[in-house]
Asker: 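Next up is a structure, given as structure tokens.
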Amino acid sequence: MKKIFVSLLFLLILTGCSNKKDEEKKIVPYKEIVNNELKIVNMDKEEIYLSEYKLSSDKEFLVEGYTYVDFENDGVDELVIKTNLNNVYLIFHYDTANIYVHEVEFNELKKDGKFLVKYDDEYYIYSLSFNGTTYELNQIARYNDNLGIYKLENKDVTKEKIKSYKKSFDEKESIKWDK
């Protein structure tokens, strides 16, 4: 009987720990951001509310959905907000004491944080890393059949190798948007 009680207590503790870890992973609260209850830091290092945020295109935007993605594979999810503008997303990254907003354009986002960007006939697959008000695009793949450009990790590769990598990218799980 004592063993059963200890086992149940252990399971309850583990369950509580996993829920707490899930909460810690999603450190940027969606509702507080979209309800203008929490300030964010823009690229100009100004503390503002989301309603005051101006896109680089100066276009007005609406929030169409959101998700959480761990771009840096550090155990901390970033909040990604899908806007009503074609391929324009806002990514919110928590860094010590601030929540920074980053405007990023892409065509397809995968659960592992990698994303596809398409410019005319040129395709890029990137990952992101953050540093306060800035972010860095880390190019993983680049290809253009018309120009014969095939690169993986900034090294020239064959067309077959890049197509194989693109196929594995396409097979990765895409994110799902919450509303």
Side-chain angles (χ1 to χ4, degrees), residues 18 21-22 24-30 33-34 40 42-43 50 53-95 99-179:
S18 67
K21 275 188 175 182
D22 289 344
E24 288 173 3
K25 277 187 76 175
K26 294 179 181 174
I27 208 155
V28 179
Y30 168 74
I33 296 286
V34 297
I40 56 177
N42 66 12
M43 288 179 61
L50 182 59
Y53 183 78
K54 300 288 182 211
L55 294 173
S56 59
S57 64
D58 283 333
K59 292 182 179 178
E60 296 289 322
F61 68 92
L62 299 172
V63 173
E64 287 195 339
Y66 73 98
T67 193
Y68 287 90
V69 175
D70 183 0
F71 284 97
E72 296 181 302
N73 199 23
D74 61 359
V76 179
D77 288 347
E78 281 75 33
L79 169 64
V80 183
I81 289 183
K82 179 181 180 182
T83 72
N84 61 314
L85 302 174
N86 194 28
N87 301 327
V88 176
Y89 301 86
L90 300 178
I91 300 174
F92 298 84
H93 174 74
Y94 178 78
D95 187 9
I99 297 172
Y100 297 95
V101 60
H102 308 278
E103 180 182 336
V104 181
E105 292 185 36
F106 52 80
N107 298 79
E108 185 178 353
L109 176 60
K110 300 296 184 173
K111 277 194 158 190
D112 68 356
K114 292 178 180 63
F115 56 92
L116 176 75
V117 177
K118 182 179 184 283
Y119 300 109
D120 299 321
D121 294 332
E122 194 123 3
Y123 294 83
Y124 296 86
I125 296 174
Y126 291 110
S127 66
L128 281 178
S129 54
F130 302 95
N131 185 13
T133 58
T134 63
Y135 67 88
E136 184 176 329
L137 285 172
N138 306 305
Q139 183 179 304
I140 299 166
R142 174 184 175 203
Y143 61 97
N144 182 320
D145 283 331
N146 293 334
L147 299 176
I149 297 171
Y150 307 104
K151 292 187 177 281
L152 266 177
E153 306 289 338
N154 291 320
K155 294 179 183 155
D156 290 329
V157 295
T158 64
K159 180 177 182 175
E160 292 74 28
K161 183 134 179 141
I162 200 76
K163 296 298 178 184
S164 174
Y165 180 82
K166 174 67 167 68
K167 182 180 179 202
S168 70
F169 175 83
D170 290 340
E171 291 170 350
K172 290 181 181 187
E173 187 176 359
S174 295
I175 56 93
K176 295 185 180 20
W177 298 102
D178 293 323
K179 296 218 182 223

Asker: Between Lys114 and Asp112, does any NZ, NE, NH1 or NH2 come within less than 4.0 Å of an OD or OE carboxylate oxygen?
Answerer: yes
Asker: Can you tell me how far the OH atom of Tyr119 sits from the CG atom of Asn107, to the nearest 0.5 Å?
Answerer: 8.5 Å
Asker: What's the shortest heavy-atom distance between Val88 and Glu105, and which atoms?
Answerer: CG2-CG, 4.0 Å
Asker: Name the residue from Tyr68, Tyr89, Tyr30, Tyr66 that meets the ring pair (Phe, Tyr, Trp, His ring centres under 6.0 Å) definition with Trp177.
Answerer: Tyr89
Asker: For the OG1 atom of Thr133 and the CG atom of Asn131, what is their distance to the nearest 0.5 Å?
Answerer: 7.5 Å
Asker: To the nearest 0.5 Å, how far apart are NZ in Lys151 and CD1 in Ile162?
Answerer: 10.0 Å
Asker: Look up atom CD in Glu108 and atom CD1 in Ile175, then write down how far apart they are to the nearest 0.5 Å.
Answerer: 9.5 Å
Asker: Flag the pair Asp95 / Phe130 as yes when at least one side-chain heavy-atom distance between them is below 4.5 Å, and no otherwise.
Answerer: no
Asker: Got Tyr143 and Ile149 here, is their nearest side-chain heavy-atom distance under 4.5 Å?
Answerer: no
Asker: Going by atom type alone, with no hydrogens or angles, which donor-acceptor pairs under 3.5 Å involve a side-chain atom of residues 55-65 and a protein atom two or more places apart or on another chain?
Answerer:
unit_1	atom_1	unit_2	atom_2	d
Ser56	OG	Glu103	OE2	2.9
Ser57	OG	Lys59	N	3.4

Asker: Between Phe115 and Val104, is any pair of side-chain heavy atoms under 4.5 Å apart?
Answerer: yes
Asker: Please report the closest heavy-atom contact between Glu72 and Leu128, naming both atoms and the distance.
Answerer: CG-O, 3.8 Å
Asker: If you count every heavy atom of other residues, nucleotides or ligands that lies below 6.0 Å from Lys111 atom NZ, does the total exceed 12?
Answerer: no
Asker: Hey, could you give me the NE2/CG distance between His93 and Asp77, rounded to the nearest 0.5 Å?
Answerer: 12.0 Å
Asker: Is any side-chain heavy atom of Leu109 less than 4.5 Å from a side-chain heavy atom of Phe71?
Answerer: yes
Asker: Are the side chain of Lys118 and the backbone N or O of Asp120 linked by a donor-acceptor pair below 3.5 Å?
Answerer: yes
Asker: What class does the angle between the rings of Tyr135 and His102 fall in, given that below 30° is parallel, 30 to 60° is tilted and above 60° is perpendicular?
Answerer: perpendicular
Asker: Do Val117 and Gln139 have side chains that approach each other closer than 4.5 Å (heavy atoms only, starting at C-beta)?
Answerer: no
Asker: Closest approach of Asn144 and Asn146, non-hydrogen atoms and distance?
Answerer: OD1-N, 2.9 Å
Asker: Verify, without hydrogens or angle tests, whether Asp178 (side chain) and Thr67 (backbone) share a donor-acceptor contact under 3.5 angstrom.
Answerer: no
Asker: Could you give the distance from CD1 (Ile99) to CD1 (Ile40), rounded to the nearest 0.5 Å?
Answerer: 8.5 Å
Asker: Could you report the tightest heavy-atom contact between Ala141 and Leu152, atom names first, then the distance?
Answerer: CB-CD2, 3.8 Å
Asker: Closer than 3.5 angstrom, by distance alone: can the side chain of Lys110 be matched with the main-chain N or O of Asp170 as a donor-acceptor pair?
Answerer: yes
Asker: Provide the closest heavy-atom pair for Gly75 versus Asp70 in the form atom of the first, atom of the second, distance.
Answerer: N-OD2, 2.8 Å
Asker: Give the minimum heavy-atom separation between Ile33 and Leu50, together with the two atoms involved.
Answerer: O-CB, 3.6 Å
Asker: Is the shortest side-chain heavy-atom distance between Tyr150 and Asp145 below 4.5 Å?
Answerer: yes
Asker: Please tell me if the side chains of Tyr165 and Val157 come closer than 4.5 Å, counting only heavy atoms from C-beta onward.
Answerer: no
Asker: For the residue pair Glu136 and Asn138, establish whether any side-chain heavy-atom pair is separated by less than 4.5 Å.
Answerer: yes
